[in-house]
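Below is one structure, written out as structure tokens; the observations come after it.
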Amino acid sequence: MSVTTTPAGLTAPAGVPRKQQAQGGHWAGTATAAPGLLAFTGAIGSAEPHAHAAVQVLLVLDGEVILTDRHGHQRRAVAAIIPAGVRHELHAVPGAHGLLAYLDPAGPAGRAAGARVATSGALDVVGTWLAAAFTDPVTGAAALPGVLCATGSAAGSKGFPPALSRALEAIPQLIEGPLLLGELAARAGVSASRLGHLFAEHLRLPYPAWRRWARLLHAIETVRGGATLTEAAHAAGFADSSHLTRVCHQMFGLAPSHLVHLVRPTA
């Protein structure tokens, strides 16, 4: 069953005329959670400048969506792959519908999507994001589902350096605590500085940003299991529910209570 919502904290990007801002679309649809993936389908709204710790895949099925990079360059998007940690903003004209998928950069789908961007140009340029979504003039964006199909957990951390793989495997056991880089590095058998370098090199994210992403997903799953926001915040290592709410807004432009109502389990 679809749940309609208009998330708080989402506005039209800077540089869009006030008349256009007033006519901006609203978010309304459903979200699906799976290992390494949070996908939204429905009416696309506008989002103020932000950068998430996830790789974002955008596919516009109807209407007009404009992406703006940190340099102020704007492009209309039919499909795009936006790498993790890159500042961007989005303006959707009323009536825009499509798919937005947020991929764990440590998962197989996130890594596949991130690799496309890395071979398409500068990571912080909107033209690169659009080019990454198109493999050739014939197939175009039709190849994007192939990236999303890699969300299965079988591949795990295969292909990562052993130390990074050990660190990622230890995360679930430590998620409720401080999740300090030094503690994780000790589990992985390397120095904290070395592990931090591995996160930045292979996940294209500083460790603190990736930690917020992992904790947020854990909190969402905990609430879906029947916990309160406060209980979920503590279970995921956040200081309190207010801390969880701030991070959720930064990541998705949604309060966690809204996001939980949108998310439904996969079949």
Going only through I, L, V, M, F, W and Y residues with side-chain contacts under 4.5 Å, is there a path from [X] to [Y]?
X: I171; Y: Y102; value: yes
X: V125; Y: V57; value: no
X: L184; Y: L180; value: no

Donor-acceptor pair, [X] side chain versus [Y] backbone, under 3.5 Å?
X: T128; Y: D124; result: no
X: E201; Y: L198; result: no
X: T230; Y: S241; result: no
X: H243; Y: A239; result: yes
X: H97; Y: G95; result: yes
X: R215; Y: A236; result: yes
X: R211; Y: L179; result: yes

Closest heavy-atom pair and its distance - [X], [Y]:
X: A235; Y: E176; value: O-CG, 2.7 Å
X: G45; Y: L90; value: O-CD2, 2.8 Å
X: A163; Y: A188; value: O-CB, 3.3 Å
X: A77; Y: L67; value: CB-CD1, 3.8 Å
X: L103; Y: A109; value: CD1-O, 3.7 Å
X: V55; Y: G110; value: CG2-O, 3.8 Å

Can you tell me how far apart [atom1] ([X]) and [atom2] ([Y]) are? Round to the nearest 0.5 Å.
X: L130; Y: L58; atom1: CG; atom2: CG; value: 9.0 Å
X: S120; Y: I81; atom1: OG; atom2: CD1; value: 7.5 Å
X: R194; Y: H197; atom1: CZ; atom2: NE2; value: 5.0 Å
X: L195; Y: R166; atom1: CG; atom2: CZ; value: 10.0 Å
X: L38; Y: H52; atom1: CG; atom2: NE2; value: 10.5 Å
X: I44; Y: L100; atom1: CD1; atom2: CG; value: 5.0 Å

If you define the side chain from C-beta out and look only at heavy atoms, does anything of [X] sit under 4.5 Å from [Y]?
X: L99; Y: F40; result: no
X: L203; Y: F160; result: yes
X: H91; Y: Q74; result: no
X: W129; Y: Q56; result: no
X: P161; Y: H202; result: yes

Test side-chain contact (heavy atoms from CB on, under 4.5 Å) on V65 and V93 and set out the steps. CA-CA 6 Å; V65 172; V93 174; over 6 Å; no
Please assess I82 against V126 for the test side-chain contact (heavy atoms from CB on, under 4.5 Å), listing each intermediate value before the final yes or no. CA-CA 8 Å; I82 304 172; V126 63; over 6 Å; no
Can you tell me how the ring of H88 sits relative to the ring of H50, calling it parallel under 30°, perpendicular over 60° and tilted otherwise? tilted
ring-ring contact (aromatic ring centres under 6.0 Å, His included) with F199: which residues, sequence neighbours excluded? Y207, W210
Check salt bridge (charged side-chain N to carboxylate O under 4.0 Å, His left out) between D69 and all other residues, then give those that pass, not counting sequence neighbours. none
Ignoring hydrogens and geometry beyond distance, is a side-chain donor-acceptor pair present between E89 and T68 at under 3.5 Å? no
